[in-house]
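In this text the structure is predicted, and so the values were computed from the model without any measurement.
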Amino acid sequence: RLSSLVHSNLALTLLTRFEQRGHMVDLDESISVTRGLVEELSETNPFGIYARMRLVEGIIHRFERTGAPSDLREAFSLCRRCYEIADEPDLRLFSVSSLSQLLNLQLEYNQRHAQPYDAETLDEALVVSKELLELCPPESPNHYKALHDVARVLQKSGQTQGNEERLRES
């Protein structure tokens with residue numbers, strides 16, 4: 001639909017302008033336009049999945065600026081849903097990469113605010129980082145970053161939970 005395309009271009013333009021100028025009003029408007037687009041499109045429509053992932057991207061930017069835990073929770077919720085329904089290889093890799101990024105943000109947020117790491121988040125981070133590693137073969141430019149993420153999560157999990165096996169695996 002032409003309306004969807006126009007809204008998508010507007011949201012992307014606003015997000016790009018925010019990245020260049022740093023004005024929160026651009027980011028907020030981009031999130032609002034993208035949220036409307038997400039509501040308009042079916043979640044199984046590939047374009048709908050991309051719109052949801054663009055919304056996740058905007059919310060991540062806002063979280064990085066404001067540190068609001070509600071943004072992180074919303075981004076997780078949207079990203080997990082995309083991860084569950086993405087069946088095309090490119091969409092799957094995109095959603096797994098974004099979910100991995102969110103889990104890394106959650107771990108960093110916990111560390112920064114001296115909050116304990118919960119076992120559920122660490123276990124999910126390990127599953128997602130291992131899946132991302134599987135999707136990034138050795139010749140991929142993202143392979144070593146994915147491998148590093150697996151080792152880092154194994155180490156945090158092993159230290160937090162006293163799991164010697166995970167420490168050795170890391």
Just how far is it from atom CD1 of Ile60 to atom CZ of Phe76, taken to the nearest 0.5 Å?
-> 9.0 Å
Work out which heavy atom in Leu41 is nearest to a heavy atom in Ala51; give both atom names and the distance.
-> CD1-CB, 4.3 Å
Salt bridge (charged side-chain N to carboxylate O under 4.0 Å, His left out) partners of Glu169, counting only residues at least two apart | Lys130
Applying side chain to side chain donor-acceptor pair (under 3.5 Å) to Glu74 and not counting sequence neighbours gives Arg35
Determine the minimum heavy-atom distance between Arg65 and Gly22, stating which atoms define it.
-> NH2-O, 3.0 Å
Shortest non-hydrogen separation from Gln155 to Leu167 and the atoms involved | O-CD2, 3.7 Å
Compare every heavy atom of Ser4 with every heavy atom of Glu40, then report the nearest pair and how far apart it is.
-> OE2-OG, 2.7 Å
Sequence neighbours excluded, every pair satisfying ring-ring contact (aromatic ring centres under 6.0 Å, His included) that has a member inside residues 14-49 | Phe18-His61
How many angstroms lie between CG in Asn163 and OG in Ser157, if you round to the nearest 0.5 Å?
-> 6.0 Å
Those residues at least two apart in sequence (or on a different chain) that pass side-chain contact (heavy atoms from CB on, under 4.5 Å) with Asn9 are Leu5
Distance-only, no hydrogens or angles: does the Ser30 side chain make a donor-acceptor pair with backbone N or O of Ala11 under 3.5 Å?
-> yes
Going only through I, L, V, M, F, W and Y residues with side-chain contacts under 4.5 Å, is there a path from Leu37 to Leu15?
-> no
Quick check: does any side chain N or O of Thr160 sit under 3.5 Å from a backbone N or O of Lys156, one acting as donor and the other as acceptor?
-> yes
What are the two closest non-hydrogen atoms of Val153 and Leu126, and how far apart are they?
-> CG1-N, 3.5 Å
Residue list, side chain to side chain donor-acceptor pair (under 3.5 Å) with Arg17, at least two apart or on another chain | Asp26
Take atom CD in Glu84; do more than 12 heavy atoms of anything else shown fall under 6.0 Å from it?
-> yes
Apart from Val33 itself, members of its ILVMFWY cluster (side-chain separation under 4.5 Å) are Leu10, Leu14
What pairs with Asp123 under side chain to side chain donor-acceptor pair (under 3.5 Å), at least two apart in sequence or on another chain?
-> Arg166
Who are the side-chain contact (heavy atoms from CB on, under 4.5 Å) partners of Tyr50, not counting sequence neighbours?
-> Asp90, Leu91, Phe94
Apply salt bridge (charged side-chain N to carboxylate O under 4.0 Å, His left out) to Glu57 and list each qualifying residue two or more places apart in sequence or on a separate chain.
-> Arg54
Are side-chain heavy atoms of Arg168 and Leu154 found at a separation under 4.5 Å?
-> no
So do Cys82 and Val56 actually touch side chain to side chain, heavy atoms under 4.5 Å?
-> no
Contacts of type salt bridge (charged side-chain N to carboxylate O under 4.0 Å, His left out), residue Glu139, not counting sequence neighbours = none
Within the side chain of Arg52, is there an N or O that forms a donor-acceptor pair under 3.5 Å with the backbone of Arg81?
-> no
With a 4.5 Å limit on heavy-atom distance, are the side chains of Ile49 and Ile85 in contact?
-> yes
Sequence-distant partners of Thr16, side-chain contact (heavy atoms from CB on, under 4.5 Å), two or more places apart = Leu12, Gln20
Mind checking the CG-CE spacing from Asp28 to Met24? Nearest 0.5 Å is all I need.
-> 5.0 Å
Test side-chain contact (heavy atoms from CB on, under 4.5 Å) applied to Ser70 - qualifying residues, sequence neighbours left out | Ala68, Arg73
For the hydrophobic clusters of this structure (ILVMFWY residues joined by side-chain heavy atoms under 4.5 Å, transitively), does one cluster hold both Val38 and Leu27?
-> yes
